[in-house]
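Below, chains carry the letters A, B, ... as their sequence lines are ordered, and counting in each starts from 1. We use all heavy atoms of the structure for the numbers below, so side chains are in, but hydrogens, waters and symmetry mates are not. What you are looking at is a predicted structure, and each value in this text was computed from that prediction instead of being measured.
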Amino acid sequence: MKPATQRPDRRELLNDLWDIQLQERHISDQAIWKLARKYQLSWVEVEGVASFYHFFHREPAGRYTIYLNNSITAEYSGQREIKAAFEEATGARLGHTDPTGTFGLYETSCIGLSDLEPAALINFHPFTQLTPQKAKALVWQLKRGVPPALLADDIPQHIQRQLPTERAVLLRPFAPGQSLAPLLELSPTEALEQIKASGLRGMGGAFFPVGTKWQLCREQPGDEKYILCNADEGEPGTFKDRMLLQYLPELVLEGMIHAGYTTGAEEGWIYLRGEYRWLLPKLKEAIAHYYASGWLGEEIPAKEPFRFDIHIQLGGGAYVCGEETAMINSLEGLRGEPRVRTYFPVERGYRQKPTVVNNVETFAAAARVIELGPDHFAALGTPQLKGTRLLSVAGDCTRPGIYEIEWGTSLADILDWAGTESPMAVQISGPSGQCVNASYGERRFDWDDLRCGGAVTLFNEKRDLLHILHNFSSFFTYESCGVCTPCRAGNFIFSRKLDKLAKGLGEAGDYVEIQNWSNIMQQTSRCGLGRAATNALLSAIDNFPGYFSSYFSKKNDDLKHAFELDEALKDYRKAVGSTLGTE
Amino acid sequence: MAKTIPITINGASFQAEEGQNLVNAIRQAGVFVPSLCYYEHIDPPLGTCRVCTVLVNGKPTAACTATVKPGMKIVTNTQELEDVRKGMVEMLFAEGNHFCPTCEKSGDCDLQGLGYRLGVKASRFPHLFVNRLIDYRPERMVIDHNRCIRCRRCVEEVRTADDKAVFSFVNRGKNTEVAIDYDEEAKLSEAEAIRAMHICPVGAILVRGKSMARPVGERKYDQPEQAWEKQEGPIEVPKPKPGAPKKVVATTSLAGCFGCHMSLLDIDEDILDAIELVEFNRSPLTDIKQFDRRCDVGIIEGGCCNSENVEVLQAFRDNCDVLIGVGECAIWGGLPAMRNFIPIEECLLESYGRTMELDGGKVVIPHHEDLPELLDRVYGCQEVTRMDYFIPGCPPDARHIWKVIKHVLFGEAYALTHEEFKYD
């Protein structure tokens, strides 16, 4: 791939696609032609970008486009009944529009409302805690021309647990500008030293020391540098960044401003996932307020006054864009495929320039470090992981929502606070994380143990573990970017393997194969998505040996494999039994 | 001129240019590393196929995506790495629909060549059999998506005179494909189109009328006949003890073409030798229809396409100590599996819709309790029952089959060289 700077600038392509999708309700062939001409691209290249993102439809998606979450949490909260109610009320079958083209009903990966499921997005407005009656009533009102924006639900803050003020980092009172005030006394290097002294690490999952990353960027030659805020919170089961962006957007902006100050970057981008489109007005308002207050723009007051701008880019629906280099490609108007790791983003990132990528919570925490001082932060947590972490707790519990915990908190405490009844399994960090046994309560959220990326999804004893894993597997099958073999083909192959186990056709050999195949995917995948895709399965097998022994038992004798002859003959018998059409 | 620095490959020290692509550096050191998507002058490298995975300072890395740096320690040859890389090639075979005997590119195909080189006899992964398009719309080309391995070479390399991409990845996840732009393709000159075909490491991009230009036998991975002949010595196998009872062999052809059986008979005068050693029980060669004694070895040709095949295969498993699958069809379905991605109703309509007498305007599909019923797809034998050995090939060479059988009967397991199981 040629470096982006040698190509025609196509950074607006995603925005154009959004405009067309929202106005024309799909991306027509004609629209693709138009865009191809505008950006001097071939038709197929535009098609390649449009077809990568699942919110861009090539067929009309209805005047009202309804998206239902297909995550396991949504399913267990009764999504099936909601789907049926929408199908009945709209006349649209899942994956299609109704005959009049008024309603389109689609499934999508997690929409970041796991605490309020069953939920839906209608024309990208959120609707939560749906019941079949509520769904039908909604459709009734939409049919009468009530705009979805007026019907949409308010999304509450949903904080279930706050730390006492002396130990809290993120969830504590905040007034805009509060963390920028100390900059008047701090030079960029002094501010950087504070970040480093705090021990803050990236909260996106890789836990790279934030101070080191910012320093590496600072040391890069050249003036053109970028700060990217990863607001593509796509891991099913997580929603804490949603809360931060909705209720503390200023904190996130200030973290980005600090990053700009310390690294010398003058431009920042928030890459907001398409599912959070409803947060756009709120974010734009916050940014406008910061410009009006002089905290963004030409000359931001500080010991060394500086320039910094923040823009927002809306993603088009693709989990993999949470991978930092995929996000950068997406920002450049390309398919959101992770890059080959020849360079780190701090060396060559957005537009091939030094770039800091951190996620929403990291920027918010960085702002708090400057506001509260590094000592406050460093005194919290454990020796290896300082500070606190926001957890998105959802699933089978009575108190789903946001929890701020200090690193070092035990899993047993979380289970208590969340109000679980006969918990069986806890999925840590979403489908790409580990599946742990809820009865091992002594496990802790720490570097060596549960290095949690934010999602804590609870499952009680009534749930079917294999079904949960199957849901994860099909998630990866669709959300892989499709570029590298092990992830594209491997996840597909794994979903077939789980089909086999679910049918009760598993054998001892399947256990060996799962280990071998996972190892292949882990060693060869191009980015973290493929490398992590079998984590849940492997950890579940380790943590629930009793459960899986029945799936890997030899129900068949040694020599003959279980072969379901009747099942394999079903198609033929059906064809013979029915009348085949003539040509 | 770039600086030359020392690097370590498999414990030995070599000189390499700093910043040089690691695949090149490893190869210049005379060490084998496979690659598929790697195309020397595409920079940054594609890094899509991952078959060049090695350890760089202990970390698994696709060699093509790394460059030579001071102090680099590279390991290419652990058993695990070799298994992982082979797994990658097997995965590509399982993901696509690769029917080598019907492919124009056979012999010139990098995937096939690498399969031989790494000793892939059967894919450890289940074949996915996804129905993919064969696109005849382009002016000069035919694009067979069944064979595409998404290496991305064409996407990066094939551009029109006004620098527009002719190919692009489309969709995402398991549905990711390489699509062609019909308008841009029409702008390519014939030479450019042919270059696109040669850039494709498999048989996905074909240029009409040009795809068979290089005759079979002179292709990139074709082995010179003589080299193969030279390795042919007399078949040396352990002899049975004098006076020992003859070993009993059964054979059957399931969903196969009997080609493997024909090959079995191709050992010419050695058949006399064979008859001294073995006795045939149930087999089309003897026309014995049912087992009347226990057999030492069952030889299975073909996979399972109908209910009878399944019953026969299970009967073989019940009556034979060792089962040997012979040929590609037994391994994973082979050519009959070309129907695996087409709904059975369509297959039946195609076969009977135009030829059978219509009963009141309706198509009648022959069915009777004596007729075997068709399975939803063709299954490899391993999916139905445990198989002990497989002999790859289409068909495998006669001498090769006998060598394996004799070794199984009288000696130890027999490892074959890749020249022996070439089957295009």
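Here A:C484 contributes atom SG and B:R152 contributes atom CZ; the two are 11.5 Å apart, rounded to the nearest 0.5 Å. Interatomic distance, A:F563 CZ to B:C304 SG, rounded to the nearest 0.5 Å: 6.5 Å. A distance of 12.5 Å separates SG of B:C347 from OH of A:Y572, quoted to the nearest 0.5 Å. Note that the NZ atom of B:K174 and the OG atom of A:S480 stand 11.5 Å from one another [nearest 0.5 Å]. In this structure, A:I520 CD1 and B:M91 CE are separated by 6.0 Å, a value rounded to the nearest 0.5 Å. We find the CG-CH2 distance between B:D183 and A:W43 to be 9.0 Å, quoted to the nearest 0.5 Å.
Under a cut-off of 6.0 angstrom, the local environment of NZ in A:K38 is crowded, with over 12 non-hydrogen atoms contributed by other residues, nucleotides or ligands. Counting non-hydrogen atoms of neighbouring residues, nucleotides and ligands closer than 6.0 angstrom, the CD atom of A:E567 exceeds 12 such neighbours. In this structure, B:F341 places its CZ atom where more than 12 heavy-atom neighbours from other residues, nucleotides or ligands lie under 6.0 Å away. Heavy-atom contacts from other residues, nucleotides or ligands closer than 6.0 Å to CZ of A:R573 number more than 12.
Residues A:P486 and B:M88 have side chains in contact (heavy-atom distance under 4.5 Å, counting atoms from C-beta outward). Contact check for A:T524 versus B:V84: side-chain heavy atoms found under the 4.5 Å cut-off.
Neither the backbone nor the side chain of B:Y182 comes within contact range of chain A, judged by heavy atoms closer than 4.5 Å. For B:D162, no part sits under 4.5 Å from any heavy atom of chain A, backbone or side chain. Proximity to chain A (any heavy atom under 4.5 Å) is shown, for B:E373, by both the backbone and the side chain. No part of A:A36 comes within reach of chain B, as not one of its non-hydrogen atoms sits under 4.5 angstrom from that chain. Heavy atoms of B:I180 lying under 4.5 Å from chain A belong exclusively to its backbone. Contact annotation for B:T53: only side-chain heavy atoms (C-beta onward) come within less than 4.5 Å of a heavy atom of chain A. Proximity to chain A (any heavy atom under 4.5 Å) is restricted, for B:I149, to the backbone atoms N, CA, C and O. If you measure heavy-atom distances from A:E513 to chain B, the contacts under 4.5 Å come from the side chain alone. For a residue to count as touching a neighbouring chain, one of its non-hydrogen atoms must lie under 4.5 Å from one of that chain's; by this rule A:S495 does not touch chain B. With a 4.5 angstrom heavy-atom cutoff, B:A62 does not touch chain A via any of its atoms.
For B:P44 against A:T342, the heavy-atom pair with the smallest separation is CB-OG1, 4.3 Å. The two atoms that bring A:V340 and B:L46 nearest to each other are CG2-O, 3.5 Å, heavy atoms only. Between A:E47 and B:V170 the shortest heavy-atom distance is CG-CG1, 3.7 Å.
The residue among B:R85, B:E80, B:E177, B:E383 with the most heavy atom pairs within less than 4.5 Å of chain A is B:E80. Counting heavy-atom pairs under 4.5 Å between each of B:G87, B:C37, B:C49 and chain A puts B:C49 at the top. The residue among B:L92, B:T65, B:T67, B:N171 with the most heavy atom pairs within less than 4.5 Å of chain A is B:N171. The residue among A:G482, A:S525, A:C487 with the most heavy atom pairs within less than 4.5 Å of chain B is A:G482. Taking chain B as the reference chain and counting heavy-atom pairs below 4.5 Å, the highest number among A:L565, A:V483, A:N519 is found for A:V483. Contact count versus chain A (heavy atoms, under 4.5 Å) is highest, among B:V155, B:T61, B:T176, for B:T176.
The backbone N or O of A:A568 sits nowhere less than 3.5 Å from a side-chain atom of B:R377 that would complete a donor-acceptor pair. In this structure a side-chain-to-backbone donor-acceptor pair under 3.5 Å is missing from B:R172 to A:S51. Although no hydrogens or angles enter the test, the distance criterion places a donor-acceptor pair under 3.5 Å between the side chain of A:R496 and the main chain of B:L128. Remark: side-chain polar atoms of B:D181 are paired, donor with acceptor, to backbone N or O of A:V44 under 3.5 angstrom. A:S42 places no side-chain N or O within donor-acceptor distance of the main-chain N or O of B:V166, the cut-off being under 3.5 Å.
Here the options are A:E337, A:R488, A:R526, the test is side chain to side chain contact (heavy atoms under 4.5 Å, CB included), and the partner is B:T48; only A:R526 passes.
Between A:N516 and B:D83, the side chains place a donor N or O and an acceptor N or O closer than 3.5 Å (distance only, hydrogens not considered).
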- Verify side-chain contact (heavy atoms from CB on, under 4.5 Å) between B:L375 and A:L569, making sure each step is shown before the conclusion. CA-CA 5 Å; B:L375 304 179; A:L569 292 171; 3.6 Å; yes

- Show your working on side-chain contact (heavy atoms from CB on, under 4.5 Å) between B:R124 and A:W517 and close with a plain yes or no. CA-CA 9 Å; B:R124 72 191 74 180; A:W517 298 2; 3.8 Å; yes

